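In this text the structure is predicted, and so the values were computed from the model without any measurement.
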Amino acid sequence: MNRVQETDRWDVAGLNLKSRLFLGTARYPSRKILMDALAASGTEMVTVAVRRVGLESGPKNLYKDLTAVGYHLLPNTAGCYSAKDAVLTAELAREALETDLIKLEVIADEDTLLPDVEALIVSARELVGKGFKVLPYTNDDPVIARKLEDIGCCAVMPLGAPIGSGLGIRNPHNLELIKSRASVPVIVDAGVGTASDVTIAFELGMDGVLLNTAVARAREPVMMARAIRAAAEAGRCALLGGRIPRKFYAEASSPVDGLIGSTPKTT
């Protein structure tokens, strides 16, 4: 996103960023492939599950590897099934990683990995009250998104599709509704399967996209990361360029004056 990034910076959770892509750090074939893919994507913000971050010194410390390169860390509460567990995990992350940022996830069940929005609202309210900068993973309900914003979340992160499904953007209308009503950044989180899904998200007006599986489990993760980066630039350029309106009938792109032959019939 080099050409777009310099003139299209954005603010989220107190940070001013060039890249609009957030990448996860799970399920990569190796640490080297992870680091190469992150670099290829151009991301500046990466998510880390608190239970996977090693705090000990040595080569296995993912936290030190990431911060040494200059990435902003966004710890998440992945795997939490209650508000209590999510709040505790966030507090542990703040102590261990010295950041108030938290990607808040409260999962409803193991089969769908959909968010438990009731517990999400409870935990978001508590964490905001404790001074956290909360970025909540939620469903694509505009009402819930507004409630999370009103609580004080610094962004809302509606799903494109269930986590890890690769189904892409399943409900573009609701995402557009969320964006049209939000005064905080809207970041699509979950469901991305390939580069075109990222382009669609940005064409819809989303401020950012968070993805993990689409890159980590790709046949060639580094190559897919490059594609995702190009797709993000294409989507943002298309949005800023302004698409033509959809029309029911065709409209000739060439002038019709002075054509040889008879006048076409109209119905």
Side-chain angles (χ1 to χ4, degrees), residues 1-25 36-47 69-72 74 101 103 133 135-138 140 142 145 149 153-161 166-216 218 221-246:
M1 291 175 66
N2 293 337
R3 294 185 299 276
V4 177
Q5 285 178 341
E6 295 304 324
T7 57
D8 189 37
R9 301 181 71 97
W10 65 305
D11 296 310
V12 59
L15 298 172
N16 182 256
L17 302 175
K18 294 184 295 183
S19 175
R20 292 175 178 268
L21 293 172
F22 295 2
L23 260 66
T25 54
D36 288 348
L38 295 179
S41 75
T43 187
E44 297 168 276
M45 176 84 77
V46 297
T47 64
V69 179
Y71 294 117
H72 298 289
L74 178 60
L101 293 173
K103 182 197 169 191
K133 297 174 181 177
L135 293 85
Y137 161 67
T138 183
D140 56 13
E149 181 178 343
C153 294
C154 59
V156 290
M157 306 182 75
L159 55 81
L167 290 172
I169 307 299
R170 307 307 297 172
N171 197 342
H173 176 65
N174 273 27
L175 293 180
E176 287 182 303
L177 279 176
I178 291 171
K179 176 59 183 173
S180 70
R181 301 173 63 182
S183 57
V184 296
V186 179
I187 303 165
V188 168
D189 177 15
V192 168
T194 189
S196 58
D197 298 329
V198 173
T199 298
I200 290 170
F202 283 113
E203 287 179 344
L204 290 172
M206 302 301 106
D207 297 288
V209 173
L210 191 155
L211 66 156
N212 186 92
T213 307
V215 174
V222 178
M223 187 177 296
M224 180 59 76
R226 294 193 194 102
I228 294 292
R229 182 175 185 170
E233 179 175 350
R236 274 299 285 180
C237 285
L239 175 70
L240 298 174
R243 68 156 291 136
I244 63 171
R246 294 178 173 88

List the atom pairs, donor and acceptor, that lie under 3.5 Å between side-chain atoms in residues 180-187 and the rest of the protein, sequence neighbours left out.
from, atom 1, to, atom 2, distance (Å)
Ser180, OG, Glu176, O, 3.4
Ser180, OG, Leu177, O, 2.8
Ser183, OG, Glu149, OE2, 2.2

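Looking at Arg229 and Thr43, their side chains never come closer than 4.5 Å, going by heavy atoms from C-beta outward. Between Asn212 and Leu23, every side-chain heavy-atom pair lies at or beyond the 4.5 Å cut-off. Inter-residue side-chain proximity for Leu21 and Phe202 is flagged as met; some heavy-atom pair is nearer than 4.5 Å. For the pair Asp207/Arg20, a side-chain contact is recorded, criterion being any heavy-atom separation below 4.5 Å from C-beta on. Residues Ser41 and Val215 are not in side-chain contact: their nearest non-hydrogen atoms beyond the backbone lie 4.5 Å or more apart.
Closest non-hydrogen pair, Ser19 versus Gly42, comes out as CB-O, 3.1 Å. Listed here is the closest heavy atom pair of Asp197 and Val192: OD2-C, 3.9 Å. The two residues Glu203 and Ala238 come nearest to each other via the heavy atoms OE2-CB, 3.7 Å. Scanning all heavy atoms of the two residues, the minimum distance from Met224 to Ala218 falls at CB-CB, 3.8 Å. In this structure, Ala201 and Val188 approach most closely via the heavy-atom pair CB-CG2, 4.2 Å. Closest approach of Ala40 and Arg226 over heavy atoms only: CB-CG, 3.8 Å.
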Residue pair Arg170, Asp140: steps toward the salt bridge (Lys or Arg N to Asp or Glu O under 4.0 Å) verdict: CA-CA 10 Å; Arg170 307 307 297 172; Asp140 56 13; over 6 Å; no
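Taken to the nearest 0.5 Å, the NE2 atom of His72 stands 9.5 Å off from the CZ atom of Phe22. Atom NE2 of residue His173 and atom CD1 of residue Ile178 lie 10.5 Å apart, to the nearest 0.5 angstrom.
Between Lys18 and Asp8 there is no salt bridge, since none of the side-chain N atoms of the basic residue sits less than 4.0 Å from a carboxylate O of the acidic one.
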